[in-house]
Amino acid sequence: MNNTIHFLKTVLWMITLWSVSFQAQAQTADFAKMSPMLRQLTTSESRIMRKAPQKGSGRHVCAFIQLKGNGDEVLRQHGCLSLARYGNIHIADIPMTQLGPLSLCAEVTRIEARESNSILLDTTAAKLNVAPIYSGTDLPQAFTGKGVVVGLEDIGFDLTHPTFRTTDLSELRIRRFWDHLSVDTLDSELYVGAEYTTPNDILTYAHSRDAYAQFHGTHTLGIAAGNGVGTPYRGIAWESDICLVSNAVNDSKEFIREEDLYKYTSATDMLGFEYMLNYAESQGKPCVVSFSEGSHQDFMGDDVLMYAVLDSLVGPGRIIVASAGNEGHYSTYLHKPLGTESLNTYITNGPNNAFVTMRASGDFDLAVRFYIDKENPYTHLLHAKDIIAEADSLVEDTLQIGEEQYIVKMAGYPSCYHPEQNAFEVFIQVAQHNFGYSVPVELEIMGADADVEVFRVNGKFRYKDMLTKDIGPGESSHNIYSPGSAPAVICVGALSYRNSYVDIDGKNNNRDWGTNGEKAPYSSVGPTFDDRTKPDVMANGSNVISAGSSYYFEEHNRPIAMYLYTSMLEYDGRQYPWRVETGTSMSTPAVAGTIALWLQAKPDLTPDDVREVLAETCRPIDDSSPRPNNLWGYGEIDAYRGLLYILGYSGIQDISQEQPRAAHLSMKADGMLCIRLESPSKEPIRLCVYATGGQVVEQQTLPAGHEQYGVSLSHLPQAVYAVQMNSHDPQLRGSTLIRR
């Protein structure tokens with residue numbers, strides 16, 4: 001279900017349309033100020049204006065625009081509507097006819113937008129159901145997310161699922177819902193779609209407009225905040241308030257009028273983030289936003305202003321969490337260092353094209369070889385310096401190779417991160433599918449005086465089983481998705497545990513992405529394109545069981561798909577499924593839910609505070625690697641150790657860092673601490689209760705031979721306490737947090 005291919009085809013189309021004369025560009029627009037999608041829109045709009053100068057297309061685009069001086073007046077003069085402002089950066093609705101004129105204004109320094117994101121399921125894993133089951137565990141009794149808002153922007157929401165109610169099912173916990181695709185726009189004051197603000201309105205609307213085609217948001221929300229409805233599949237922050245945004249992704253075009261297509265961009269997604277964070281602020285509550293979508297990074301500058309906006313959105317009690325991506329099992333990076341004469345790779349793809357981006361210091365040549373004759377391949381040579389010297393920095397060639405026609409394009413521009421370096425896009429297309437298989441295609445980068453890095457966007461680097469010639473394999477790196485790559489965002493990778501689950505028909509599905517909490521091979525790795533360490537943290541993401549959408553199930557309940565479902569719940573006359581999914585889409589809401597628990601303990605946590613907690617309390621995936629690193633960041637998140645650290649208990653030597661595995665503690669309203677063991681204790685248990693200052697406020701010895709105990713703490717003030725159990729039985733040794 002990863003729709004990256006659709007996005008890439010659009011990007012490639014954009015590059016094609018860059019090929020207009022430099023003189024025409026200079027007259028109509030300053031393309032250097034624009035991100036690629038906006039360059040393409042400006043070019044296409046100019047063509048429409050030449051045909052109908054009085055009308056144009058009438059289309060608008062949602063974009064970031066950076067201004068200086070009297071920027072507000074510039075927007076007004078060009079018919080733009082400012083939707084949000086962050087210092088000198090606006091998110092604005094811009095008539096496409098004004099993109100060129102705006103870019104020529106001295107007050108405008110940059111205009112930026114990219115198409116919507118892709119959801120980050122691992123497609124293969126989703127089909128094969130690989131690795132472990134996600135199930136709710138005993139979380140610290142004192143912290144359940146109560147008083148915290150979990151914001152989640154996604155697609156495919158079933159708003160009626162009972163897991164999004166309170167535990168007694170009496171109240172809906174979804175407080176606000178903005179559907180970008182809603183057609184209830186008559187009285188809506190929002191830029192796109194409509195919002196629903198009361199339980200009755202939300203339940204009457206029932207589901208996002210795309211819910212019969214998508215399910216992703218129902219599943220991710222269940223992981224972050226579902227109550228489990230009596231199943232083992234309880235989410236992390238199961239008593240939190242919920243605020244949702246259903247956005248548009250690459251598969252959403254069927255729901256959008258063609259003239260409105262460019263109102264749904266990365267800038268619109270940021271409006272969704274702001275909506276959730278501002279709702280929480282209006283309620284006086286902290287908020288963590290979870291986002292399991294993303295797009296490839298680039299050197300074109302698609303994300304420069306978005307990163308700045310994200311910096312402005314986060315702060316005390318305002319945290320954003322996003323997926324790392326699912327490209328860790330691909331070779332995505334090749335490097336030809338200075339002094340090395342050449343670097344080779346084969347490139348293949350199931351569809352009919354391949355696309356790479358490169359970063360270079362120094363001049364180099366690129367040879368594209370087509371092995372129609374494996375002994376004497378056809379070689380097409382491209383010179384980097386010639387690409388840069390072209391007026392539009394683009395070369396496009398059409399080649400006849402045997403019976404097939406290939407299109408080869410190469411574009412060049414300064415890197416948005418290091419302007420002294422040049423970046424290049426290389427796109428190769430053929431009419432037939434299975435690109436690079438029947439006719440192997442080789443890329444060779446040549447030039448000892450150049451340092452060149454190659455980043456996979458579309459296609460696969462291959463180094464064996466193609467020809468007898470052996471080529472270096474490259475490596476998996478630099479494949480973190482944006483916005484998880486942003487400095488302000490907590491970026492989440494995925495781990496794997498158990499490798500099987502039982503489906504709704506009682507069949508055992510045994511697939512192996514790894515066990516025992518190792519890094520899932522699909523989980524994307526860093527560094528980022530501007531050389532920062534990512535991801536930040538890891539959580540279980542393989543074969544996670546969570547809520548499924550009843551509306552999606554109605555449309556897609558064919559027998560062949562039933563292995564994805566594990567159980568069914570009947571509620572209020574409707575069938576609600578639970579299903580299995582895999583990907584960093586699943587690990588991300590688990591981290592967001594955990595941060596919601598931490599925000600309940602300390603509502604003013606900042607992203608930097610969260611990283612400090614991660615650095616101090618995460619479990620390393622292996623003991624030999626420094627932390628953080630580009631494979632797994634700081635390690636596996638630990639909700640309980642994080643809470644101990646935040647509350648100051650981690651410095652008390654007598655308090656365990658783990659909870660007892662065979663004892664379950666809960667507090668009653670009358671101040672009674674109830675302790676239930678899984679089997680009668682064979683020896684006495686020593687119980688100590690600590691206040692946050694570290695002093696012991698209660699201690700008792702519990703006699704052997706019992707399964708249940710009651711300890712009255714009614715004499716203690718209302719506060720959070722740590723309860724330490726000491727026993728020779730390791731299953732009964734540990735601490736937990738309770739709220740009196």
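The analysis underlying the following values was restricted to heavy atoms, covering all of them including side chains, and did not include hydrogens, waters or symmetry mates. The residues of the chain are indexed from 1 along the displayed sequence.
Under the side-chain hydrogen bond (donor to acceptor under 3.5 Å, both in side chains) test applied with Y481, the options E293, Q297, E327 reduce to a single match, E327. The only option from E453, H478, H335 that meets the side-chain hydrogen bond (donor to acceptor under 3.5 Å, both in side chains) definition with R359 turns out to be E453.
Nearest approach of A596 to V150, heavy atoms of both residues: CB-CG2, 3.9 Å. Counting all heavy atoms, side chain and backbone alike, S587 lies closest to G493 at OG-O, 3.1 Å. Minimum interatomic distance between A248 and S252 (heavy atoms only, all atoms of both residues): CA-OG, 3.5 Å. Residues P483 and G294 share a closest heavy-atom pair of CD-CA, 4.3 Å. Nearest heavy atom pair, residue P589 against residue S292, reads CD-OG, 3.7 Å. The heavy-atom pair separating C287 from G151 by the smallest distance is SG-N, 4.1 Å.
Within the model, atoms NE2 of H216 and CG of D210 stand 11.5 Å from one another, a figure rounded to the nearest 0.5 Å. In this structure, OH on Y262 lies 5.0 Å from CG on L41, to the nearest 0.5 angstrom. One finds the CE atom of M270 at 12.0 Å from the CD1 atom of I89 (value rounded to the nearest 0.5 Å). Rounding to the nearest 0.5 angstrom, the gap separating the CG atom in L313 from the CE atom in M276 is 10.0 Å. In this structure, OG1 in T588 is found 10.5 Å from CZ in F291, a value given to the nearest 0.5 Å. Atom-to-atom distance recorded for L334:CG and F461:CZ is 4.5 Å, nearest 0.5 angstrom.
At distances below 3.5 Å, not a single donor-acceptor pair connects side-chain atoms of S290 with backbone N or O atoms of L152. Judged purely by atom type and a 3.5 angstrom limit, T42 has no side-chain atom pairing as donor or acceptor with the backbone of L99. Checked by atom type and distance alone, the side chain of T268 pairs as donor or acceptor with a backbone atom of K263 at under 3.5 Å. Looking only at distances, a side-chain donor or acceptor of N326 sits under 3.5 Å from a matching main-chain atom of T584. The backbone N or O of A494 lies less than 3.5 Å from a partner atom in the side chain of S523, making a donor-acceptor pair. Panel note: side chain R611, backbone V613; no donor-acceptor pair is recorded below 3.5 Å. At distances below 3.5 Å, at least one donor-acceptor pair connects side-chain atoms of E112 with backbone N or O atoms of V304. Between the side chain of D72 and the backbone N or O of L75, no donor-acceptor pair lies under 3.5 Å. Put simply, the side chain of D260 never gets that close to the backbone of R257: no donor and acceptor are under 3.5 Å apart.
Side-chain contact between L310 and V489 is present, with heavy atoms from C-beta onward closer than 4.5 Å. Put simply, the side chain of C80 does not reach to within 4.5 Å of the side chain of H90, judged on heavy atoms. Using a 4.5 Å heavy-atom cutoff, the side chains of K253 and E115 are in contact. Counting heavy atoms from C-beta outward, D298 and F455 have side chains that stay 4.5 Å or more apart. Under the 4.5 Å side-chain criterion, counting only non-hydrogen atoms from C-beta, D386 is not in contact with V395. At a threshold of 4.5 Å between non-hydrogen side-chain atoms, the residues L382 and V408 count as touching. Within the 4.5 Å cutoff, side-chain heavy atoms of Y86 are placed close to those of E274. Proximity of M358 to I445: side-chain heavy atoms (C-beta onward) are separated by under 4.5 Å at one or more points.
Taking a cutoff of 4.0 Å between a charged side-chain nitrogen and a carboxylate oxygen, D536 and K534 qualify as a salt bridge. Under 4.0 Å is where a charged nitrogen must lie from a carboxylate oxygen, and between R114 and D303 at least one such pair does.
The cationic group of R456 lies under 6.0 Å from the six-membered ring centre of Y330 and within 45° of the ring axis, placing it in a cation-pi geometry.
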Practice problem: Before giving the answer on side chain to side chain donor-acceptor pair (under 3.5 Å), spell out for S415 and Q421 the whole-Å C-alpha distance, their side-chain angles and the decisive distance to 0.1 Å. | Solution: CA-CA 6 Å; S415 165; Q421 297 177 325; 4.8 Å; no

Exercise. Output, in order, the C-alpha distance, side-chain angles, deciding distance and verdict of ring-ring contact (aromatic ring centres under 6.0 Å, His included) for Y264 and F255.
Key: CA-CA 11 Å; Y264 299 87; F255 302 103; over 10 Å; no

Quiz item: Going through the checks in order, is the side-chain contact (heavy atoms from CB on, under 4.5 Å) test met by S246 and L181?
Solution: CA-CA 8 Å; S246 184; L181 299 175; 5.5 Å; no

Quiz prompt | Residues S485, Y307; criterion side chain to side chain donor-acceptor pair (under 3.5 Å); working and verdict | solution = CA-CA 9 Å; S485 56; Y307 282 9; 2.6 Å; yes

Self-check item: From CA spacing to verdict: side-chain contact (heavy atoms from CB on, under 4.5 Å), C618, V537
Solution: CA-CA 8 Å; C618 279; V537 67; 3.9 Å; yes

Practice problem: Report the C-alpha separation of T606 and D609 in whole Å, then their side-chain angles, then the decisive distance to 0.1 Å, and conclude whether the side chain to side chain donor-acceptor pair (under 3.5 Å) test is met. | Solution: CA-CA 5 Å; T606 67; D609 293 335; 3.2 Å; yes

Self-check item: Derivation of the side-chain contact (heavy atoms from CB on, under 4.5 Å) call for V452 and L343
Solution: CA-CA 9 Å; V452 184; L343 171 76; over 6 Å; no

Exercise. List the steps, then state whether side-chain contact (heavy atoms from CB on, under 4.5 Å) holds for S625 with L631.
Key: CA-CA 9 Å; S625 302; L631 291 176; 5.6 Å; no

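Heavy-atom contacts from other residues, nucleotides or ligands closer than 6.0 Å to CD of E420 number more than 12. More than 12 heavy-atom neighbours from other residues, nucleotides or ligands sit within 6.0 angstrom of CD on E254. Other residues, nucleotides and ligands contribute at most 12 non-hydrogen atoms within 6.0 Å of the CG atom of D449.
For D530, the side-chain contact (heavy atoms from CB on, under 4.5 Å) criterion is met by Y417, T528, R532, not counting sequence neighbours. For T533, the side-chain contact (heavy atoms from CB on, under 4.5 Å) test picks out P628, N630, with sequence neighbours left out.
No side-chain N or O of S585 forms a donor-acceptor pair with one of T220 less than 3.5 Å apart.
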